[in-house]
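Below you'll find the structure, written out as structure tokens, and then a few comments.
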Amino acid sequence: MIESIRVSAESVVGTTLREHVLICMRAAPGATGAFTSLLNHISLAIRIVNTRVRAAGLAGMLGYTGETNVQGEEVQKLDAYANDVLVNVLGRSGHCGILASEELEQVKFSEASGKYVVLFDPLDGSSNIDTNVSIGTIFAILRRQQGELVPSLQDALQRGKEIVAAGYAIYGPQTEFVLATSQSVDAFTLDPNIGEFFLSRPNIRCPQRGSCYSVNEGNFSRWSPGVQKWNSLMKSENKEKNLPYGHRYVGSLVADAHRTLIKGGVFAYPADSKSPKGKLRLLYEANPMAFIFERAGGAATTGTERVLDVIPRELHQRTPLILGSQEDVATYCEIARG
Ligand code: AMP
Ligand code: P6P
């Protein structure tokens with residue numbers, strides 16, 4: 001009798017993010033619960049940001065603060081709010097020894113005892129905030145360097161291959177939370193009436209090949225000849241290669257990456273004459289996305305090397321980023337490098 005109740009309950013109520021993370025903790029040898037607690041705090045911060053994003057127009061939260069951030073960009077009110085929420089909640093978790101944010105010039109030390117590093121873009125896609133286009137939060141979790149008593153900048157300047165977990169929230173028609181760990185990549189959809197994330201896409205796999213390319217073609221004249229050649233190939237007629245591909249470009253990394261992860265294809269923000277090192281930031285945009293795509297069977301390159309192998313030199317370092325299906329990323333490298 002108990003068994004039948006349990007089965008019927010599971011079929012009616014999905015698995016929450018909290019339950020999923022607990023199940024994964026039990027599968028992690030020797031886990032103390034610190035990592036699980038940190039993930040739950042990140043989920044809390046994202047649910048708080050989500051609520052404010054969805055009411056931004058009503059709460060006077062659109063527009064700019066009048067300040068300029070370390071990137072030289074005008075800070076939007078929601079950027080500042082999202083950053084404050086993440087800094088505050090991560091600080092209270094007790095497990096984050098050091099954090100870095102796109103909105104903070106320097107790293108911030110929280111709990112000296114915290115054994116984890118969290119790197120994040122609190123609100124990616126800022127240019128789309130005031131036009132009600134999907135935006136998101138991106139994060140990566142690493143372990144602090146072994147043996148170091150006090151957190152330092154070096155804890156943040158680790159290669160992406162050291163990432164323990166990464167994820168993003170996308171504040172779109174639904175609020176989805178995508179989480180990648182050593183075990184799997186899973187997506188959870190927020191039920192706004194309950195305030196819980198429920199498992200909606202278990203074990204996400206990026207298709208080996210897609211039929212869509214995503215790049216800002218307004219930069220065409222600034223690209224190298226190789227990238228221009230790749231772009232032209234994507235638009236050429238070739239039935240054998242299933243060309244031309246469809247073109248989609250939102251202008252929010254989270255939105256363009258999420259579509260590419262689910263449907264396959266390729267997203268590219270190459271270096272160009274205006275941004276010779278690329279526009280996207282290595283530590284809290286490219287690396288988390290690269291970790292997620294590789295865990296889902298996709299690929300992520302700078303065009304010349306695996307993103308997760310890049311050695312960070314500075315906190316807000318930029319990089320070219322090409323993300324997507326294995327075969328589509330390989331085609332980009334073959335043509336654009338040529
Ligand atoms: P902890 O002792 O809680 O800090 O966990 C130690 C390590 O086990 C973490 O750094 C992860 O690599 C792994 N781990 C612990 N909990 C989880 C979880 N909920 N999901 C995935 N991996 C986990
Ligand atoms: P562009 C948003 O401002 C962002 O940082 C990423 O989310 C997005 O992929 C990129 O910039 C868009 O840049 O130059 O195409 O507007």
Side-chain angles (χ1 to χ4, degrees), residues 2 4-28 31-56 58-59 61 78 81-96 116 118 120-125 132 134-141 164-204 254-255 257-258 261-262 288 292 295-296:
I2 292 174
S4 64
I5 289 174
R6 187 180 295 122
V7 167
S8 60
E10 275 171 2
S11 61
V12 168
V13 178
T15 304
T16 65
L17 173 61
R18 237 185 283 269
E19 290 165 331
H20 175 86
V21 166
L22 211 50
I23 292 164
C24 293
M25 183 189 84
R26 293 187 184 122
T32 64
F35 182 79
T36 295
S37 172
L38 183 60
L39 285 177
N40 286 328
H41 278 82
I42 290 173
S43 163
L44 170 64
I46 282 171
R47 280 175 285 147
I48 294 170
V49 170
N50 170 71
T51 301
R52 188 58 67 93
V53 163
R54 297 203 172 285
L58 306 174
M61 285 299 287
L78 271 179
Y81 176 78
N83 184 65
D84 292 347
V85 168
L86 276 150
V87 169
N88 183 285
V89 173
L90 285 171
R92 283 157 36 181
S93 74
H95 302 298
C96 177
Y116 290 105
V118 183
F120 58 88
D121 181 354
L123 207 57
D124 169 68
N132 199 20
S134 296
I135 52 180
T137 299
I138 310 170
F139 67 91
I141 302 173
V164 176
Y168 58 83
I170 176 167
Y171 311 114
Q174 311 152 44
T175 295
E176 276 192 86
F177 185 116
V178 173
L179 175 64
T181 67
S182 59
Q183 298 171 14
S184 62
V185 182
D186 304 284
F188 303 81
T189 298
L190 181 68
D191 180 328
N193 300 313
I194 302 178
E196 284 282 3
F197 280 107
F198 287 89
L199 183 62
S200 48
R201 296 183 214 260
N203 196 27
I204 295 173
V254 172
H258 189 60
L261 179 69
I262 302 301
I292 293 164
R295 297 296 324 151

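Heavy atoms only: backbone and side chains are in, while hydrogens, waters and symmetry mates are out. Remember, predicted model here, so these are calculated numbers, not experimental data. Numbers here simply count residues along the sequence, with the first being 1.
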Nearest 0.5 angstrom please: I194 CD1 to T16 OG1, how far?
10.0 Å
Return the orientation label for the Y168 and H258 ring planes: parallel under 30°, perpendicular over 60°, tilted otherwise.
perpendicular
What is the distance from atom CG of D186 to atom CZ of R295, rounded to the nearest 0.5 Å?
11.0 Å
Heavy-atom closest pair (L261 atom, A296 atom, distance to 0.1 Å) is CD1-CB, 3.7 Å
Locate the shortest heavy-atom distance separating L22 from T36; write the atom from each residue and the value.
CD1-CG2, 4.4 Å
Note: A187 and I204 closest approach over all heavy atoms is CB-CD1, 3.7 Å
About how many Å separate CD1 of I46 and OG1 of T137, when rounded to the nearest 0.5 Å?
5.5 Å
Rounded to the nearest 0.5 Å, what's the gap from CZ on F120 to CG on L90? Could you check?
6.0 Å
State, to 0.1 Å, how close G172 and R54 come at their nearest heavy-atom pair, and which atoms those are.
O-NH2, 2.5 Å
For Y171 and L123: C-alpha separation, side-chain torsions, deciding distance, then whether side-chain contact (heavy atoms from CB on, under 4.5 Å) applies.
CA-CA 10 Å; Y171 311 114; L123 207 57; 3.7 Å; yes
So how far is it from L39 CG to I141 CD1, rounded to the nearest 0.5 Å?
4.5 Å
Is there a donor-acceptor contact under 3.5 Å from the side chain of N83 to the main chain of P122?
no
Do R47 and S43 pass the side chain to side chain donor-acceptor pair (under 3.5 Å) test, and can you show the C-alpha distance, the side-chain angles, and the key distance before you say yes or no?
CA-CA 6 Å; R47 280 175 285 147; S43 163; 3.2 Å; yes
Roughly how far, to the nearest 0.5 Å, is CG of L199 from CG of L179?
10.5 Å
In terms of heavy-atom contacts, L190 and G195 come closest through CD1-C, 3.8 Å
